[in-house]
Amino acid sequence: MSEIDPSTLIIKIVLVGDSLVGKTCILKQFCDHEFDPELGATIGVDFRFHTIQIQNKQIQLQIWDTAGQEVFRSITHNYYRNADAVMVVFDITNENSFKGLDEWFKNISEKAPKYAKKMLMANKKDLISQRFLSEDEAKKFAKNFDCLYCEVSAKTGENIYEAFQTLTSETLKDY
Ligand code: GDP
Ligand code: MG
């Protein structure tokens, strides 16, 4: 966490998870309130800034997104450097993306700062009929990894703002 001036906190959040789980759409929905189904993998940017309000304070989030390098379920130290929080995303309709989480948490434990807060995010909640595991099962899994848990839809926008707000509040507790 760094400070530009005493009233502006910048918190770095990194997004990780398998390709196609919806990381870029989550970021787009959060920052632009838009869902673009045509969004290509090539549009990946390093990071975006977005301000949220928590208890009357403006907090600047610097949110990092991957641009294809997640295919190997391993991301560099550089990406995680100084991260205050990590959002680990899986797709509620894709069991493989859930099975890959062990590898993601291993990658995080090796490369992310120890103090970084973690949130497991189940995306594509709008495709409820295709979900392969219950909310309870997923919550239990998240608890094992000392993670917050939330279910969102980048398509409808459901819970997206709340998820970032919860993770940011949790991060701010240490300051
Ligand atoms: P990334 O590789 O993790 O960045 O995934 P993308 O954000 O590129 O999304 C992958 C695909 O999933 C795209 O075809 C999106 O349109 C679709 N997608 C992303 N989020 C949602 C969602 O919440 N619901 C539905 N139905 N589709 C989604
Ligand atoms: Mg992407």
Side-chain angles (χ1 to χ4, degrees), residues 11-50 52 61-81 83-108 110-112 116-139 141-142 145 147-168:
I11 289 183
K12 175 175 172 179
I13 298 180
V14 299
L15 289 168
V16 299
D18 283 5
S19 316
L20 300 179
V21 295
K23 300 179 297 298
T24 302
C25 288
I26 287 166
L27 186 55
K28 180 116 186 106
Q29 179 62 256
F30 179 58
C31 297
D32 305 330
H33 314 289
E34 242 174 56
F35 176 71
D36 180 359
E38 304 291 300
L39 207 68
T42 48
I43 303 186
V45 287
D46 283 347
F47 59 79
R48 291 191 64 175
F49 279 105
H50 196 63
I52 61 170
L61 302 185
Q62 184 193 47
I63 307 154
W64 289 60
D65 185 18
T66 51
Q69 64 272 47
E70 73 270 35
V71 173
F72 305 105
R73 286 186 178 149
S74 169
I75 302 227
T76 60
H77 274 107
N78 193 40
Y79 186 76
Y80 290 109
R81 182 165 298 132
D84 298 296
V86 184
M87 264 183 178
V88 189
V89 185
F90 74 100
D91 172 349
I92 204 84
T93 71
N94 179 340
E95 191 162 8
N96 251 332
S97 74
F98 183 75
K99 286 185 177 154
L101 291 174
D102 283 334
E103 272 179 76
W104 279 114
F105 282 109
K106 184 165 175 281
N107 190 233
I108 292 163
E110 286 167 0
K111 294 174 182 161
K117 293 285 188 286
K118 289 171 287 180
M119 173 176 264
L120 179 64
M121 192 180 240
N123 187 37
K124 310 197 187 180
K125 191 174 165 55
D126 55 288
L127 301 175
I128 194 93
S129 63
Q130 295 171 47
R131 71 181 294 159
F132 66 87
L133 92 166
S134 71
E135 187 166 357
D136 277 353
E137 288 170 305
K139 267 187 187 157
F141 180 88
F145 284 99
C147 249
L148 298 162
Y149 178 71
C150 67
E151 299 199 340
V152 305
S153 168
K155 185 174 182 176
T156 66
E158 181 179 357
N159 248 342
I160 296 282
Y161 188 83
E162 292 80 357
F164 279 95
Q165 208 177 28
T166 302
L167 184 57
T168 305

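Order of listing sets the numbers, starting from 1, for every ligand and every atom in it. This structure is a prediction, so every number in the text was calculated from the model and none was measured.
At a heavy-atom cutoff of 4.0 Å, ligand 1 is contacted by the backbone of Asp18 but not by its side chain. Of the heavy atoms in Asp36, none comes closer than 4.0 Å to ligand 1.
Among the atoms of Leu20, some N or O lies under 3.5 angstrom from an N or O of ligand 1. Taking only nitrogen or oxygen atoms, main chain and side chain alike, Val152 does not reach within less than 3.5 Å of ligand 1. Residue contacts with ligand 1: Phe35 is placed with no nitrogen or oxygen under 3.5 Å of a nitrogen or oxygen of the ligand (distance criterion only). For ligand 1, one of its N or O atoms has an N or O atom of Lys155 under 3.5 Å away.
Of all atoms in ligand 1, numbered sequentially from 1 with element shown, those under 4.0 Å from a heavy atom of Asp126 are 22 (C), 23 (O), 24 (N), 25 (C), 26 (N). Near Leu127, with a cut-off below 4.0 Å to any heavy atom, the atoms of ligand 1 are 26 (N). Counting atoms of ligand 1 from 1 in the listed order, those under 4.0 Å from a heavy atom of Ser19 are 2 (O). Atoms of ligand 1 found under 4.0 Å from any heavy atom of Lys23 (numbered from 1 in listed order, with element): 1 (P), 2 (O), 3 (O), 4 (O), 5 (O), 7 (O). Within the listing of ligand 1, atoms 16 (O) sit less than 4.0 angstrom from a heavy atom of Pro37.
Formation of a donor-acceptor pair under 3.5 Å by the Tyr149 side chain with backbone atoms of Glu135 is not found in this model. Looking only at distances, a side-chain donor or acceptor of Asn107 sits under 3.5 Å from a matching main-chain atom of Ile75.
Under the 4.0 Å criterion applied to side-chain N and carboxylate O atoms, Asp91 and Arg131 are not assigned as salt-bridge partners.
For atom 8 (O) of ligand 1, the nearest non-hydrogen atom from the set Asp65, Thr24, Ile160, Val89 comes from Thr24. By heavy-atom distance, the residue among Cys25, Gly157, Ser97 lying nearest atom 7 (O) of ligand 1 is Cys25.
Closest non-hydrogen pair, Cys25 versus Asp36, comes out as SG-O, 4.3 Å. A pairwise comparison of heavy atoms in Leu133 and Phe98 identifies CD1-CZ, 3.6 Å as the closest pair.
Identified under the side-chain hydrogen bond (donor to acceptor under 3.5 Å, both in side chains) test for residues 95-105, with sequence neighbours left out: Asp18-Trp104, Arg73-Glu103.
Residue contacts to the Mg ion (ligand 2): Thr24 brings an N, O or S atom closer than 2.8 Å.
Taking the six-membered ring where the residue is Trp, Tyr161 and Phe30 present tilted rings, their angle falling between 30° and 60°. Using a 30° and 60° split on the angle between ring planes, Phe141 and Phe145 fall in the tilted class, from 30° to 60°.
Take Ser134 and apply the side-chain hydrogen bond (donor to acceptor under 3.5 Å, both in side chains) test, not counting sequence neighbours, and it matches Glu137.
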